[in-house]
Undergrad: 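Below is a structure I'd like to ask you about.
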Amino acid sequence: MDIHEYQAKELLASHGIRLPRGGLAYSPEQAAYRASEIGGNGWVVKAQIHSGARGKAGGVILCNDEKDVEAAADKLLGRRLATQQTDPAGKLISRIYIEETVPIGRELYLGFVLDRSAERIMIVASSSGGMEIEEIAERVPDSIVRAIVDPGLGMQDFQAREIAFGLGLDGALIGKAVETLIGCYRVFRDFDASMLEINPLVVSHDELIALDCKMSFDENALFRRAEISELRDKSQEDPRETFASDRGLSYVGLDGNIGCIINGAGLAMATLDMIKIAGGEPANFLDIGGGASPERVAKSFRAVLADEKVQVILVNIFAGINRCDWVAEGVVKALEEVGVEIPLIVRLSGTKVEEGKAILREKAPRVVVADTLAEAAEAAVRAWKTTAANAA
Ligand code: GDP
Ligand code: MN
């Protein structure tokens, strides 16, 4: 789960990290009022969307007076901003953050990520901030310093000092860098973050200031972080994915018309490939998981049907621990409860497969029952082409 920059900055502030003075606004008048509250004679107006690379897309505007601030807010609010990191439609700007400008000496990069294979927190820093980490890695790889922190031990002062030296900092800035790094580590760990990025972290006179911040959180830990769940802004998410994740389903929205309900991520990937080979385009990736109870099957149908583009549904279940006859009953129940008007292809395999197919033939005769995955994919694509031809 992603949060907005201003929300991430509040978390950083609670752990002693230095930030520019700033305030949130929902209207141009409020933006101008915020600027006068903050004071000074330079402000930056920043679009709050769940994406980086806003600067290059026109989402970060430098202003010299309150009139400029009001005009910048008017330009951004209510518009969609597309960046290199969003899809072409972009994301709606419904709030903006106004900050005092800060004189920039040097721009640094600081990132914390979860290294799942090492089961550690990986810290990546660079003396060449301001550009994306991928670009830093390509253009100035030697500027990158890394550290790995064992969460059992926590981040040690010597690790923070090593990073500070690696960034070429000296004098009083070393101590400030250590405070910043340890503070960020605590924010990352205490809130179950999966990513924390400060880019740029700037040297301003003899201070280190976080000019920008991006954070993501581990959704599996949200149940114990109510204060983080509260920061969720569903308007920034794909509504299809929000609907599914609210119901505990693993779902990724795609651009095609064939809706998929599958158990197991590997089988789901294989099914998407088979649909493509058969000449179709999947509308989603949906893994209903191991159990595939009638309730979960019904929820999955609802999630897939919530996408208006879906014209055909393909269900592909391999029953290992599960049983095909139970899954078939689940499909029948889902059809009764949800009401599926569009073509439905079901391929069952594994335990009690014949019983499962018999149930479908008897209780849901309009379902196309396929024996193999290839057959199922081809039947789905055929049904989709027929629907498309009828519509035209
Ligand atoms: P991003 O493009 O989404 O990563 O947004 P950032 O918050 O990083 O802003 C983009 C760029 O705007 C930064 O890299 C800075 O160069 C510039 N910028 C942001 N805030 C200030 C500021 O207070 N003063 C100055 N001079 N530049 C700023
Ligand atoms: Mn940035």
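Whatever order the structure lists them in is the order used to number ligands and atoms, beginning at 1. Only heavy atoms go into these numbers, but all of them, side chains included; no hydrogens, no water, no symmetry mates.
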Undergrad: Going by heavy-atom distance to atom 13 (C) of ligand 1, choose the closest among Pro20, Pro200, Gly55, Ala53.
TA: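 Among Pro20, Pro200, Gly55, Ala53, the closest heavy atom to atom 13 (C) of ligand 1 comes from Pro200.
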Undergrad: At what distance is the nearest protein heavy atom to atom 11 (C) of ligand 1, and which residue and atom is it?
TA: Val60 CG1, 4.8 Å
Undergrad: Would Ser51 count as a polar contact of ligand 1, with the cut-off being nitrogen or oxygen pairs under 3.5 Å?
TA: no
Undergrad: Does an N or O from Thr101, backbone or side chain, lie closer than 3.5 Å to an N or O of ligand 1?
TA: no
Undergrad: State if Lys214 counts as touching ligand 1 under the rule of any non-hydrogen atom under 4.0 Å.
TA: no
Undergrad: Polar-atom distance check: Lys56 versus ligand 1, any N or O pair below 3.5 Å?
TA: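 No - when backbone and side-chain N and O of Lys56 are compared with those of ligand 1, no distance drops under 3.5 Å.
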Undergrad: Are side-chain N/O atoms of Ser194 and Ser216 paired as donor and acceptor at under 3.5 Å?
TA: no
Undergrad: Ligand 1 and Val102, any nitrogen or oxygen pair closer than 3.5 angstrom?
TA: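 Yes, at least one N or O pair falls under 3.5 Å.
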Undergrad: If you scan the protein for heavy atoms around atom 17 (C) of ligand 1, do you find one that is closer than 4.0 Å?
TA: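 Not a single protein heavy atom is under 4.0 Å away.
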Undergrad: My understanding is that only one of Leu286, Asn316, Ile258 makes a side chain to side chain contact (heavy atoms under 4.5 Å, CB included) with Thr271; could you say which?
TA: Asn316
Undergrad: For atom 28 (C) of ligand 1, which candidate among Val44, Asp212, Leu211, Thr83 holds the nearest heavy atom?
TA: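 Heavy atom nearest to atom 28 (C) of ligand 1 belongs to Leu211.
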Undergrad: Take atom NZ of Lys75 as the centre, draw a 6.0 Å sphere, and report whether it contains more than 12 heavy atoms from other residues, nucleotides or ligands.
TA: no
Undergrad: Any nitrogen or oxygen of Glu132 lying under 3.5 Å from a nitrogen or oxygen in ligand 1? Just yes or no.
TA: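 There is no such contact.
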Undergrad: For a distance under 2.8 Å, tell me if Asp212 has an N/O/S atom near the Mn ion (ligand 2).
TA: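 Given the 2.8 Å cut-off, Asp212 counts as a ligand of the Mn ion (ligand 2).
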